[in-house]
2 protein chains.
Amino acid sequence: MSEGTEGAGTTTRERIVDATAALLRRQGYDGTGVKQIAREAGATLGSLYHFFPDGKEQLAVAALRRDSENYTALLREALDSSDDPAEAVAACALSLAERLRESDWRDGCLVAAAALENVGRSPTIQVAWKESLAVWQEQIAARLRACDVRPEIADDTACTVLSTLEGAEVLSRITSDDKPLRTAAGYLGTLVTTVCSLG
Amino acid sequence: MSEGTEGAGTTTRERIVDATAALLRRQGYDGTGVKQIAREAGATLGSLYHFFPDGKEQLAVAALRRDSENYTALLREALDSSDDPAEAVAACALSLAERLRESDWRDGCLVAAAALENVGRSPTIQVAWKESLAVWQEQIAARLRACDVRPEIADDTACTVLSTLEGAEVLSRITSDDKPLRTAAGYLGTLVTTVCSLG
DNA sequence: TACTTGATAGATCGATCGTTCTAATGTCGA
DNA sequence: TCGACATTAGAACGATCGATCTATCAAGTA
């Protein structure tokens, strides 16, 4: 076997998952082929279907689980970056902007990139995507509750913050400009300030 | 020829554009086949390539132009529905929620549904998508300027409003629940109120 | 040494992809 | 009636799709 310069993952399975996540982020679900995944991972089709007998759907869910952890970590870091919850939420948007800019607007949120194609088509994928969104929303809500925001208000606020983050990322990618995310950072800050001041 | 029960468009070209728009909304770009478009439009491949010799990309751009008008009309109606700019912007989110719910979470924004797949791949499509976003942003910004909001502030606010609308629609479609859009409506209202009160 | 099992390798399947092609059909004015 | 042109019709192309298949290889156990 010719072990060339390979990605981070050591095992074949890890390399496949990593490659899937990267390709789904850039090309979406329908735009990514199983053979392309195998090629990119330095694996063969046989290995791929050995580890993921249920095929592309199982592959996508596994990739999401992996990628979701990255996003959770990014959010955690940003949310803990300041004592001021407004600054903390704004930092989330700015972190996304930075990551996006550094990758030439290619590496965005996997959920956003490969979501709508499967709405009403693959329940498995739709549920997994929904779960990731719920985790992120709860993460933001918890940060707000820590500032004495009432639980229901915290949930609603977190929901809209997440909507704005995802939407601003889409706009930033389409326009190849981080302005939507940077602008959103400012408005999300004032939004959180308002919510917190209300108790 | 068997003229069955056909869609709204009279001419073949119109039926093709309408079918393309409907399918792109539901399935995205890569998920929609040219042959499927022709079938859905009640046209043949020959007719399709006669009117759209540049193929799928040209087809997508034409469909966007058509669909963009629909969205522009929806925004105009919502933005004119109230003298209060906050209520007007909130009405945009509620209109999107209603349309989405009525179509069982299928008919969303074409731009959002078929955008990310072509980022960094088809400049033609990316430019067209960008233009639609600019039109909608200007539409919202104009509504804010009419309430004596300073032009730069109006632009930034409109940008974030658009981000939130698109993002909330994505979340609503994934979760099959209009809560993200309805919640966003409330927060966008308070956001606009804050912006307007600052002069 | 035999046997089992996890993993790798890639040919092959039928279906569909976007596109091109030729031929036929309909609709005009001359 | 005739050509000119717009439109329709669908076969065909090479490529790729997701998935299945058999065969081989490597490591561990008896």
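Because only heavy atoms are used, hydrogens play no part in the values below, and waters and symmetry mates are left out as well, while side chains stay in.
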Looking at Glu117(B) and Asp30(B), what are the two nearest heavy atoms and their distance?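 Nearest pair, atom of Glu117(B) first, then Asp30(B): OE1-N, 3.0 Å.
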Taking all non-hydrogen atoms of both residues into account, name the closest pair between Arg121(A) and Tyr29(A) and its distance.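 Arg121(A) and Tyr29(A) have their closest heavy atoms at NH2-CD2, 3.6 Å.
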Step-by-step salt bridge (Lys or Arg N to Asp or Glu O under 4.0 Å) determination, Glu69(A) to Arg76(A): CA-CA 10 Å; Glu69(A) 297 168 8; Arg76(A) 185 177 315 281; over 6 Å; no
Any side-chain donor near an acceptor of the partner, Ser68(A) and Ser132(A), under 3.5 Å: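 Side chains of Ser68(A) and Ser132(A): pair found under 3.5 Å.
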Please tabulate, one pair per line, each protein N/O and nucleotide N/O from nucleotides 11-16 of chain C that are separated by under 3.5 Å, including the distance.
none

Integer-rounded Å distance: [N] [atom2] and [X] [atom1]:
| X | N | atom1 | atom2 | answer |
| --- | --- | --- | --- | --- |
| Arg39(B) | dT8(D) | CZ | P | 18 Å |
| Gln36(A) | dT16(D) | CD | C1' | 11 Å |
| Leu48(B) | dC17(C) | CG | P | 13 Å |
| Gln58(B) | dT20(C) | CD | C1' | 16 Å |
| Tyr49(B) | dC13(D) | OH | P | 17 Å |

Could you work out which one of dG18(C), dA9(D), dT8(C) sits closest to the side chain of Ser47(A)?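 The listed nucleotide nearest to Ser47(A)'s side chain is dT8(C).
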Which nucleotide, dT7(D), dA7(C), dT20(C), lies nearest any side-chain atom of Phe51(A)?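 Closest nucleotide among those given: dA7(C).
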Tell me if the CD atom of Glu77(B) is crowded by more than 12 foreign heavy atoms within 6.0 Å.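 Atom CD in Glu77(B) is not crowded, with 12 or fewer foreign heavy atoms closer than 6.0 Å.
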Less than 4.0 angstrom between a side-chain N/O of His50(A) and OP1 or OP2 of dT8(C), yes or no?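 So the side-chain polar atoms of His50(A) never come under 4.0 Å of the phosphate oxygens OP1 or OP2 of dT8(C).
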Quick one: is Thr12(A) getting a side-chain N or O under 4.0 Å of the dA7(C) phosphate, OP1 or OP2?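 For dA7(C), neither OP1 nor OP2 has a side-chain N or O of Thr12(A) closer than 4.0 Å.
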Identify whether any heavy atom of Gly46(B) sits under 4.0 Å from a base atom; if not, whether one sits that close to sugar-phosphate; answer base, sugar-phosphate or nothing.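 Base, at least one base atom sits under 4.0 Å.
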Mind running side chain to side chain contact (heavy atoms under 4.5 Å, CB included) on Trp136(B) and Val161(B) for me, showing each step along the way? CA-CA 10 Å; Trp136(B) 297 333; Val161(B) 167; over 6 Å; no
